[in-house]
2 protein chains.
Amino acid sequence: MNGVPSRSASSRTGVTRDDVARLAGVSAAAVSYVINGTKKLSPETEERVADAIRKLGYRPNRAARALRLGSAETLGIIVPDATNPFFAALTHEVEIAAGRRGYSMIAVNADELAAGYDAHRLEMLVSRGVDGVILCTSPSPDDAGVLEAAGVPYVTLNQPGTGTRRTSVGVDLREGARIAVEHLAQHGHRTIGLIAGLSSEGAREEREAGWRAAVQQLGAMPGALEWSPFTPAGGYEAGLRMVASGELPPALFVSSDQLAKGLLKAFHEHGVRVPEDVALVAFDGTEDAEYCWPPLTTVAQPVAAMAEAAIEALFDGEGAGATQVFAPVLVRRQSCGCPRDLPAQSG
Amino acid sequence: MNGVPSRSASSRTGVTRDDVARLAGVSAAAVSYVINGTKKLSPETEERVADAIRKLGYRPNRAARALRLGSAETLGIIVPDATNPFFAALTHEVEIAAGRRGYSMIAVNADELAAGYDAHRLEMLVSRGVDGVILCTSPSPDDAGVLEAAGVPYVTLNQPGTGTRRTSVGVDLREGARIAVEHLAQHGHRTIGLIAGLSSEGAREEREAGWRAAVQQLGAMPGALEWSPFTPAGGYEAGLRMVASGELPPALFVSSDQLAKGLLKAFHEHGVRVPEDVALVAFDGTEDAEYCWPPLTTVAQPVAAMAEAAIEALFDGEGAGATQVFAPVLVRRQSCGCPRDLPAQSG
DNA sequence: CTGAAAGCGCTAACAG
DNA sequence: CTGTTAGCGCTTTCAG
């Protein structure tokens, strides 16, 4: 594994703190002081050092700092599929939140669902000295073990019902289902089906339960139920199965925008009109939903707030076991039967 | 900037190489040897060390290694918008290619188009000791300067027409335009318009020239031309402008799938039928294109190959100024007027 | 075939 | 207010 054309060890910039000290005519420590503001020096000295830094184009060596401090000021984030727009958005927001605190993110994909693969990726992150990790994948005992053993704090993001004793931030899935089902009911539908995402994790019950509860509470009927992977392809398959079965309910709650994209394709191909033949409310609130046809009514997750909260939790120290639940909000568009240009309003 | 609950400096795992050496009853150096395979030791010693490592759960400290080696075995990648599925896919592929070589990626967004912002992000990457960076943003003199000054190798990815003397890998834009226009012409269209992406960079000429040349070469007529930001919203606006102008050409080459998504929305809203009223061929070949309605015929970039090539170039040392151009390929779907289920074939 | 020792560049405690 | 110093954990040359 011989890497990138290796400049020799210290030639990264060539200039070290000692060079700066020499040029400024102060001690090496003084340089550290002005850089880190550890100690107040005389303005004059400060000025001289700053000048030298500028002149030399000095940039502190992060590796040395990391070694000394035991922190690389880096966080890891692991998502099931970086290619899914929802996770792309989430990762992006997390990066911004981390950036505000001077931290960088190393993002890794859990991709290969092979057992133990996550743990492997996690090992990598840990050995890289990340100061914390955000898991957007529900931690298997293995995963959690790796992290716990290394003493690396973590929080789960968007992973409902994780059994660990760590902080977890997510959205209220049952409430989301309720909002969706309620809205569909308001459009006059009495039978409401569900297309649910098949995650490797155990959030399924929660989703299904939320839907069941909401349907029941409204005195409506549960319609057909399909489980499918959280991808457009999964939604497409589910749609195909549903039309083939001839059990198309008049309304459907689809548990992710990605799923809905695929569903729409299946429906278009088979002449099933949305919302006339079947009304749809999706979940997630990605930008994509706006550009489907018809534009998707969707229950949006407050992604930025969730990202901020996750980072916050990591920094705040372990609010052990705390669970932060955010409220999703309905974004009305046309897949549910709402007219275009209806100003947003609740209920 | 006090960070994550800081375990004290060395408590990351607690166990250091010295602990391993002690338990195995060998010297510290021996441990390094078996880990890095620097030197062959007696199988017996090797075994003992391996055991100790396992028993202790030892994991080498990357920061120390980075400090010593002058390399963090990390690469940076900077994209204009991580939220754009095309870049998400590209980043993902790059991460995989880097991972194969034991490198991690730190991804940063150029986001805020504020001048100098990139340079700032780049500084961050450099100070982090990345061993190289992949620029998916065309390097301003500033950016290049930061990198050159620090002696950090970089390659540009997907940035046609960059003026630097660095390796650049991208797709043949003119050929892409040719393929698209030719296909549209084969559907019998004589006038072909263009919706082009407005990047902050200067790739515009290339795109426009490619289209002009192709149209001309086929003896067709250039139709309306719209420039718009590389986003669905941009495509939507462009679509709105085009229908408002009443100058809708019968065929359109759209220079990105994202743009096309927005365009489709505008067309749907105004009852413009695709492909009957206007035939579309897009560019990029993201998964999204498959789930538009109608499914988008698009000229696909070989993303994985490009990512691999970029990483390869970084590792191969500076193939100074070399430009690697990949050939795009037509993916036929229905937005151009092709029937469904037509088996792929060229021409 | 193995071990001792010299730093990589930086921070922070401690002296002056 | 400023400077000296002792490592952080690791790699690698050089003796044994």
Side-chain angles (χ1 to χ4, degrees), chain A residues 1-3 6-22 24-49 52-53 56 58-73 126-129 131 150, chain B residues 1-3 6-22 24-49 53 56 58-73 126-129 150:
Chain A
M1 200 151 313
N2 57 10
S6 47
R7 294 154 257 86
S8 73
S10 69
S11 73
R12 161 82 49 222
T13 77
V15 19
T16 80
R17 187 204 44 175
D18 285 2
D19 298 326
V20 175
R22 207 167 307 121
V26 300
S27 80
V31 177
S32 282
Y33 294 155
V34 355
I35 289 176
N36 304 313
T38 321
K39 234 167 190 170
K40 210 77 207 101
L41 301 194
S42 76
E44 197 222 285
T45 310
E46 221 149 64
E47 194 44 51
R48 278 222 311 288
V49 172
I53 290 180
L56 262 25
Y58 168 70
R59 208 190 323 281
N61 176 324
R62 248 24 224 218
R65 192 160 201 271
L67 175 56
R68 184 64 236 249
L69 260 26
S71 155
E73 290 165 316
V126 168
S127 92
R128 241 158 178 119
D131 302 295
Chain B
M1 199 151 312
N2 58 8
S6 48
R7 297 152 254 88
S8 73
S10 69
S11 72
R12 161 82 50 220
T13 77
V15 20
T16 80
R17 187 204 43 175
D18 285 2
D19 298 325
V20 175
R22 207 167 309 124
V26 299
S27 81
V31 178
S32 281
Y33 294 155
V34 356
I35 289 176
N36 304 314
T38 322
K39 236 169 190 168
K40 210 76 210 102
L41 301 192
S42 77
E44 197 223 285
T45 310
E46 222 149 61
E47 195 43 52
R48 277 223 311 288
V49 172
I53 290 180
L56 262 26
Y58 169 70
R59 207 191 323 282
N61 176 323
R62 258 6 235 222
R65 191 158 202 273
L67 175 56
R68 184 68 238 249
L69 260 27
S71 154
E73 290 163 318
V126 168
S127 91
R128 234 150 187 125

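Side chains are part of it too, since the values below use all heavy atoms of this structure and drop only hydrogens, waters and symmetry mates. In what follows, chains carry the letters A, B, and so on, assigned in the order in which the sequence lines appear, proteins first and then strands, with residues in each chain numbered from 1.
- Residues A:Val26 and A:Val31 have side chains in contact (heavy-atom distance under 4.5 Å, counting atoms from C-beta outward).
- Closest contact between the side chain of A:Asn61 and the listed nucleotides C:dC10, D:dG9, D:dG3 involves C:dC10.
- Here the CZ-OG distance, from A:Arg65 to A:Ser32, works out to 9.0 Å after rounding to the nearest 0.5 Å.
- The separation between B:Ile53 atom CD1 and D:dC10 atom C1' is 13 Å, rounded to whole Å.
- Of the candidates C:dC10, D:dG3, C:dA6, the closest approach to any side-chain atom of A:Ala64 belongs to C:dC10.
- Rounded to whole Å, the distance from CG on A:Leu67 to P on C:dA12 is 13 Å.
- Note on B:Ser42: a side-chain N or O is less than 4.0 Å away from OP1 or OP2 of C:dT2.
- Distance B:Glu47 CD to C:dT2 P: 14 Å, rounded to the nearest Å.
- Rounded to whole Å, the distance from CG on B:Leu69 to C1' on D:dT12 is 10 Å.
- Contact annotation for B:Val31: no contact, since no heavy-atom pair falls under 4.0 Å across all strands.
- Along DNA chain C, the nucleotide nearest to B:Ala29 and the one nearest to A:Tyr33 differ in position, and the one closer to the 5' end is contacted by B:Ala29.
- Between A:Tyr58 and C:dC10, a side-chain N or O to OP1/OP2 separation shorter than 4.0 Å is present.
- For B:Ala66 against B:Ala72, the heavy-atom pair with the smallest separation is CB-CA, 3.9 Å.
- A:Tyr58 and A:Thr16 make their closest contact through CE1-C, 3.5 Å (heavy atoms, listed as atom of the first residue, atom of the second, distance).
- Protein atom CZ of B:Arg48 is 15 Å distant from nucleotide atom P of C:dC1, rounded to whole Å.
- Distances shorter than 4.0 Å separate none of the side-chain N or O atoms of B:Thr45 from OP1 or OP2 on C:dC1.
- Between A:Glu73 atom CD and C:dC10 atom P there is a gap of 14 Å when expressed in whole angstrom units.
- Counting any heavy atom pair closer than 4.0 Å across all strands shown, B:Asn36 reaches sugar-phosphate atoms only and no base atom.
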